[in-house]
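Reviewing the structure listed below.
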Amino acid sequence: MLSTNVSDTHNLIRLLYLAKQEGIKQLIVYLPYSLDEQQIKELDNRINGTIEFVQGNSEQLLFNLD
């Protein structure tokens, strides 16, 4: 479950975990703002997959889940 009581990064990690459990291989997430470099690094270290910016837009992230 996603929550307003935890960080955006934690919520994204949880969302990606749930997506992977459902067999989703790619997920585009639209954010109301850009994540900072530290948040991107944390996501990259915690997920099994890759992160790309959609068309160079740092508010749209494409997650390729392995």
Ser7 meets the side-chain hydrogen bond (donor to acceptor under 3.5 Å, both in side chains) criterion, sequence neighbours left out, with none

Set of side chain to side chain contact (heavy atoms under 4.5 Å, CB included) partners for Val29, sequence neighbours left out
Leu12, Leu15, Leu27, Leu31, Phe63

Working to the nearest 0.5 angstrom, can you tell me the gap between Leu61 CG and Phe53 CZ?
6.0 Å

Backbone N or O of Lys41 within a donor-acceptor pair of the Asn45 side chain at under 3.5 Å?
yes

Determine which pairs satisfy salt bridge (Lys or Arg N to Asp or Glu O under 4.0 Å) with at least one residue from residues 46-61, sequence neighbours left out, and list them in order.
Glu42-Arg46

Gln39: which residues meet the side chain to side chain contact (heavy atoms under 4.5 Å, CB included) condition with it, sequence neighbours left out?
Asp8, Thr9, Leu35, Asp36

Taking all heavy atoms of Asp44 and all of Ile51, pick out the closest pair and write down the distance.
N-CD1, 3.7 Å

Can you list every pair that meets salt bridge (Lys or Arg N to Asp or Glu O under 4.0 Å) and has a residue in residues 17-32, with sequence neighbours left out?
none

Mind checking the CD-CG spacing from Gln38 to Leu43? Nearest 0.5 Å is all I need.
10.0 Å

Could you list the residues that satisfy side-chain hydrogen bond (donor to acceptor under 3.5 Å, both in side chains) with Gln21, not counting sequence neighbours?
Tyr17

Rounded to the nearest 0.5 Å, what's the gap from CD on Gln60 to CG on Asn57? Could you check?
4.5 Å

Treat each ILVMFWY residue as a node, draw an edge where side-chain heavy atoms are under 4.5 Å apart, and state whether Ile40 and Ile28 are in one component.
no

Within this structure, what is the CG-CG distance for the pair Leu16 and Leu65, rounded to the nearest 0.5 Å?
5.5 Å

